[in-house]
Peer 1: 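This is the structure I have questions about; it appears just below.
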Amino acid sequence: MLKRLEQGIEEGDIAPNAPIHAITDFYITVINGLTIQACDGADIDKLNQVILNAIKAWSIFDVDIN
């Protein structure tokens with residue numbers, strides 16, 4: 001994920017000052033949590049809601065997406 005965010009900066013899709021390490025940590029944690037919940041039998045609607053919330057959370061990193 002970090003490499004992809006670095007690529008996004010290089011290609012001008014993500015602002016050069018984006019906190020990509022913090023973004024990576026956050027989304028890897030979300031992915032790990034989703035994995036655990038899915039393995040424990042979580043409802044697909046619940047998992048999808050977490051994904052939607054994670055997408056909305058992008059703005060907390062104060063990042064411009066071009």
Peer 1: Do the side chain of Y27 and the main chain of A54 share a donor and acceptor less than 3.5 angstrom apart?
Peer 2: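 Yes, because the side chain of Y27 sits within donor-acceptor range (under 3.5 Å) of the backbone of A54.
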
Peer 1: Hey, could you give me the CG/CG distance between L47 and L34, rounded to the nearest 0.5 Å?
Peer 2: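 Between atom CG of L47 and atom CG of L34 there are 6.0 Å.
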
Peer 1: Please identify each residue that fulfils side chain to side chain donor-acceptor pair (under 3.5 Å) with Q37, with sequence neighbours left out.
Peer 2: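 Q37 satisfies side chain to side chain donor-acceptor pair (under 3.5 Å) with no other residue.
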
Peer 1: Among I23, V30, T29, which residue meets the side-chain contact (heavy atoms from CB on, under 4.5 Å) test with F26?
Peer 2: V30

Peer 1: Same hydrophobic cluster for W58 and I60, using side-chain heavy-atom links shorter than 4.5 Å among ILVMFWY?
Peer 2: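 Yes: a chain of side-chain contacts under 4.5 Å links W58 to I60.
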
Peer 1: Would you give the length of the straight line joining atom CD of E11 to atom CD of E6, rounded to the nearest 0.5 angstrom?
Peer 2: 12.0 Å

Peer 1: Going from CD1 on I20 to CD1 on I14, what distance comes out if it is rounded to the nearest 0.5 angstrom?
Peer 2: 7.5 Å

Peer 1: Name all residues meeting the side chain to side chain donor-acceptor pair (under 3.5 Å) criterion together with N53; count only those two or more places apart in sequence or in a different chain, and write none if there are none.
Peer 2: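 N53: side chain to side chain donor-acceptor pair (under 3.5 Å) contacts with Q49.
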
Peer 1: Could you list the residues that satisfy side-chain contact (heavy atoms from CB on, under 4.5 Å) with I55, not counting sequence neighbours?
Peer 2: I51

Peer 1: Taking C-beta and beyond as the side chain, do M1 and I31 meet within less than 4.5 Å on heavy atoms?
Peer 2: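 Yes, side chains in contact.
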
